[in-house]
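Written below as structure tokens is the structure these notes are about.
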Amino acid sequence: MDPRQGPRHVLPARAVDRDRARPGQPAGALRGRRGAAPGRQHPRPAPRRPDGPGVHHLVHDPAPRRRRADRHAGRRRTARARQHRRGVDRGPRHPVEPGGAAMSVRVRVAPSPTGDPHVGTAYMSLFNLAFARQQGGQFVLRVEDTDRARFQADSEQQVYDTLSWLGLDWDEGPDKGGPYAPYRQSERLDTYKPHVDRLLAEGHAYLCWCTSARLTEMREDQQKRKLPTGYDRLCVGKTAEQRAELPGYQETPVVRMLVPEDPPLHFVDLIRGEVAAPHPDDQVILKADGFPTYHLAVVVDDHLMGITHVVRGEEWISSTPKHLLLFDWLGWERPAFAHMPLLRNVDKSKISKRKNPAARLTWFAEQGYLPEALLNFLGLLGYSVPGGEEVFDFARMSETFDWSRVNTVGPVFDLDKLAWLNGHYVRELSAADFVERSLPFLQRSGLVSPMPTEAELALVNAMVPAVQTRVALLSELPELVRFLFVPEADFEVEEAAAAKALTEANGPVLTAAADALEGVVEWTAPAVQAAVDGALLEGGLGLKRNKAYLPLRAAVCGRAIAPPLDESIALLGRERSLRRLRAAAAACGSDVR
RNA sequence: GCCCCCGUCGUCUAGCGGCCUAGGACGCCGCCCUCUCACGGCGGUAGCGGCGGUUCGAAUCCGCUCGGGGGUACCA
């Protein structure tokens with residue numbers, strides 16, 4: 001792919017209008033790959049953007065072909081993409097100087113600290129970052145803590161921790177600062193205030209004194225009568241005194257948007273092409289507690305922070321018209337929008353912590369998933385890199401990133417595939433890395449001391465080749481190697497393994513093996529195997545290897561599934577191996593010398 | 001209820017009107033390797049939701065239908 005196509009992405013959605021204004025462009029060339037044109041149900045007046053003051057400087061096209069003109073048409077528009085580059089080098093656009101033609105890409109992720117960090121946050125961050133890095137732009141982390149009821153203090157730090165763990169680093173944020181600080185909405189209350197006042201003064205917003213009880217009642221009634229729900233505007237045009245005489249009144253008002261008859265309902269989405277969204281309700285933008293709602297805060301902050309591309313979940317499509325209205329009213333340039341598909345539970349519902357442990361970002365590290373595996377996996381959801389390969393890293397994704405490769409279908413979060421990918425990355429780890437990443441799991445399960453001893457470390461290092469291909473998740477490691485670390489007094493053969501392997505007939509096998517091992521001089525895997533084989537296979541008891549090893553494995557490892565026998569015995573050491581073999585032989589009822 | 005978005009193997013995806021007898025990956029099944037379990041190798045299983053239309057030709061374009069999802073908050 002020609003990297004020079006890149007700048008195409010820099011353009012806001014509106015860019016397509018430029019295409020269309022260009023004469024002699026065949027309509028077909030503008031068609032996107034998915035045909036776009038999500039069916040509009042009703043004939044409407046040609047969708048338009050309402051001209052906010054000084055917003056759209058581009059030629060308006062009255063042409064009927066509107067829905068075609070979307071879809072950032074595929075990867076084949078090299079020539080045109082290049083033409084679009086004119087002016088991109090004029091330096092970064094300053095947010096308080098809207099209308100600058102040139103702008104460097106600025107994207108953001110905006111988690112709200114309401115509990116454990118959500119996978120969706122990582123998913124959105126990944127795509128935002130991949131795009132930002134490709135474009136040489138910035139990635140901003142903004143904390144949207146306007147919901148005081150659901151706020152959780154430790155949540156913010158966890159967001160930092162998990163995103164850092166994944167290597168998704170932000171350029172600006174509450175912890176790092178930046179030119180547009182503060183990055184915490186609760187610290188920006190003064191910033192929102194003037195804009196609310198202005199909307200009020202210009203008649204785009206009004207005060208509303210209705211109690212939530214009245215609103216609920218109203219909504220229920222509307223539903224009962226099969227009407228679209230929405231605020232009935234009881235408060236419009238009234239003073240507090242006038243309104244107070246009517247029922248359902250509360251003293252502290254909220255501020256609502258006065259949505260016009262024909263708000264902008266269509267916008268071009270980088271992923272979906274032109275989309276139609278629902279007619280908005282008179283949305284509350286300032287709550288009674290003085291905090292802005294999300295809708296006001298995003299618009300104000302995205303504009304002030306110079307955000308050029310709003311990349312967020314599909315769940316926001318239906319509120320985008322509210323945002324468009326706000327941008328227009330405030331006279332601000334609209335950013336480009338990209339609505340990502342929603343991650344799903346197995347039952348296809350939006351991924352949730354309740355139905356899916358994987359919705360909690362902290363879960364992955366606990367389970368022994370590697371960050372590189374999770375990141376790769378997230379990049380596989382709703383997306384594919386040009387070559388179609390399954391295994392790729394962030395750099396690869398970022399270099400080749402293209403909005404047209406993002407799917408519109410919400411992917412199910414498939415843990416099986418993640419586990420496979422994780423196993424792949426586990427196997428690729430160097431021995432030293434494998435040890436480093438494994439240690440916490442061994443320590444947590446009590447097999448290795450918090451401050452590992454020399455001997456413990458030596459054993460851990462030595463066991464690597466025997467176990468690295470045998471775990472998909474690091475959390476599987478402790479049970480596999482427990483027999484190597486457990487204090488001798490605590491060692492036991494699992495019941496199922498004992499029942500099957502430590503039979504009376506196998507007593508002599510164990511004794512013969514122990515006897516042979518006594519004579520081993522150099523305690524290595526090959527020497528161990530030679531001794532055991534000599535005693536039990538053809539030259540000795542004449543057993544088949546699988547028969548012969550079964551009791552030995554149970555005796556030494558305590559279970560039916562373990563690393564290869566020779567390596568297990570070599571790692572365990574002479575003393576412990578012999579003791580366990582003799583003890584097992586005794587348990588089989590054979591002679592103990 | 002109302003509104004919007006979406007529909008290719010069980011799952012993640014490729015597909016941009018002929019290259020499709022629909023490709024890859026995970027999973028699953030079988031075989032090989034093999035001391036168990038893995039890893040690795042080889043092979044197999046399974047899909048364009050349905051119906052119409054446009055076209056010489058449709059997984060690809062259009063319509064309807066069915067299905068799934070999301071929104072409908074002084075949550076984000």
Side-chain angles (χ1 to χ4, degrees), chain A residues 31-35 37-39 41 73-76 110-112 114 144-147 149-150 208 210-212 215-216 219 222-230 250 252-256 265 272 275-281 283-289 291 293-295 297-298 313-319 339 341-342 344 346-350 377 380-384 388-391 404 407-421 423 427 467-472 480 529 532-533 544-550 552-554 557 559-566:
Chain A
R31 290 236 306 266
R33 64 168 178 154
R34 259 178 286 253
Q41 303 303 59
R75 302 146 230 182
R76 291 163 299 188
S112 38
T114 54
E144 310 224 322
D145 54 351
T146 54
D147 185 350
R150 294 199 302 158
C208 171
C210 291
T211 58
S212 40
L215 295 172
T216 309
R219 216 173 289 126
Q222 286 165 337
Q223 276 207 20
K224 210 170 299 169
R225 294 191 292 150
K226 307 192 176 183
L227 292 169
T229 53
Q250 70 180 19
T252 321
V254 300
V255 178
R256 283 183 186 275
L265 299 181
R272 291 151 207 274
V275 312
H279 188 108
D281 185 13
Q283 179 63 232
V284 170
I285 53 175
L286 193 70
K287 308 184 223 180
D289 63 6
F291 276 65
T293 57
Y294 169 85
H295 302 97
V298 252
E314 182 185 347
E315 74 234 79
W316 294 108
I317 289 180
S318 43
S319 32
H339 288 95
L342 255 26
R344 314 291 185 107
V346 176
D347 67 3
K348 306 272 188 173
S349 57
K350 173 165 89 166
F377 180 65
L380 239 25
L381 295 178
Y383 192 71
S384 60
E389 63 266 28
E390 312 280 326
V391 179
S404 73
N407 277 157
T408 48
V409 193
V412 169
F413 201 96
D414 177 18
L415 255 12
D416 278 339
K417 188 152 187 173
L418 209 209
W420 166 76
L421 251 188
R427 275 167 250 133
V467 298
Q468 194 166 1
T469 63
R470 295 184 160 75
V471 289
L480 223 208
Q529 178 155 6
V532 169
D533 286 359
K544 287 291 186 192
R545 187 175 266 140
N546 56 348
K547 287 269 193 236
Y549 285 14
L550 181 72
L552 304 198
R553 174 170 292 110
C557 304
R559 55 202 301 265
I561 297 173
L565 220 220
D566 54 343

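Please read all numbers here as calculations on a predicted model, not as lab measurements. Each chain gets a letter, A, B and so on, in the order its sequence line appears, and its residues count up from 1.
- Between A:Trp420 atom CH2 and B:U11 atom P the separation is 18 Å, expressed in whole Å.
- B:G69 and B:C26 have their P atoms separated by 29 Å, given to the nearest Å.
- At whole-Å resolution of the value, NZ in A:Lys417 and P in B:C9 are 14 Å apart.
- For A:Asp416 and B:C28, the CG to P distance is 7 Å, given to the nearest whole Å.
- Among the nucleotides B:C12, B:U11, B:C74, the one closest to the side chain of A:Leu380 is B:C12.
- Pair assignment for B:G7: B:C66, on the basis of Watson-Crick or G-U wobble contacts that are both within less than 3.5 Å.
- With both pairing distances under 3.5 Å, B:U36 is matched to nothing as a Watson-Crick or G-U wobble pair.
- Nearest nucleotide to the side chain of A:Asp147, out of B:A14, B:C5, B:C75: B:C75.
- Checked against the 6.0 Å centroid criterion, the rings of A:Phe377 and A:Trp420 do not qualify as a close aromatic pair.
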statement: Quick tally for nucleotides 65-73 of chain B: nucleotides whose base has a protein heavy atom under 4.0 Å get B, sugar-phosphate-only ones S, the rest -, giving ---SSSSSS
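- When Watson-Crick and G-U wobble pairs are counted only if both distances are under 3.5 Å, B:C61 pairs with B:G53.
- Between A:Phe291 atom CZ and B:A76 atom C1' there is a gap of 14 Å when expressed in whole angstrom units.
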field: Stepwise salt bridge (charged side-chain N to carboxylate O under 4.0 Å, His left out) check, A:Asp414 with A:Lys417
entry: CA-CA 6 Å; A:Asp414 177 18; A:Lys417 188 152 187 173; over 6 Å; no
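- Counting only heavy atoms from C-beta on, A:Arg553 has its side chain closest to B:U36 among B:G10, B:C5, B:U36.
- The listed nucleotides are B:G10, B:C5, B:U36; the one nearest the side chain of A:Pro564 is B:U36.
- B:A22 and B:G50: their P atoms are spaced 15 Å apart (whole Å).
- Judged by distance alone with a 3.5 Å cut-off, a donor-acceptor contact links the side chain of A:Thr469 to the base of B:A38.
- Across all strands shown, B:C2 forms a Watson-Crick or G-U wobble pair, both distances under 3.5 Å, with B:G71.
- Atom-to-atom, OH of A:Tyr383 to P of B:A14 comes out at 10 Å; the value is rounded to the nearest Å.
- Computed from coordinates, the A:Asp566 CG to B:U36 P distance equals 12 Å when rounded to whole Å.
- Residue side chain A:Arg150 reaches the base of B:C75 through a donor-acceptor N/O pair under 3.5 Å, judged by distance alone.
- Following rounding to the nearest Å, A:Lys226 (NZ) and B:G1 (P) show an atom-to-atom distance of 8 Å.
- Side-chain atoms of A:Glu390 and base atoms of B:G24 include a donor and an acceptor less than 3.5 Å apart.
- Using modelled atom types, one finds a donor on one side chain and an acceptor on the other under 3.5 Å when comparing A:Tyr549 with A:Arg545.
- With a 4.5 Å cut-off on side-chain heavy atoms, A:Lys350 and A:Glu315 count as touching.
- Straight-line distance from the CD1 atom of A:Ile317 to the C1' atom of B:A76: 16 Å, rounded to whole Å.
- Side chain of A:Thr146, nearest nucleotide from B:C37, B:A76, B:C6: B:A76.
- Taken to the nearest 0.5 Å, the CZ atom of A:Arg427 stands 11.5 Å off from the CZ atom of A:Arg470.
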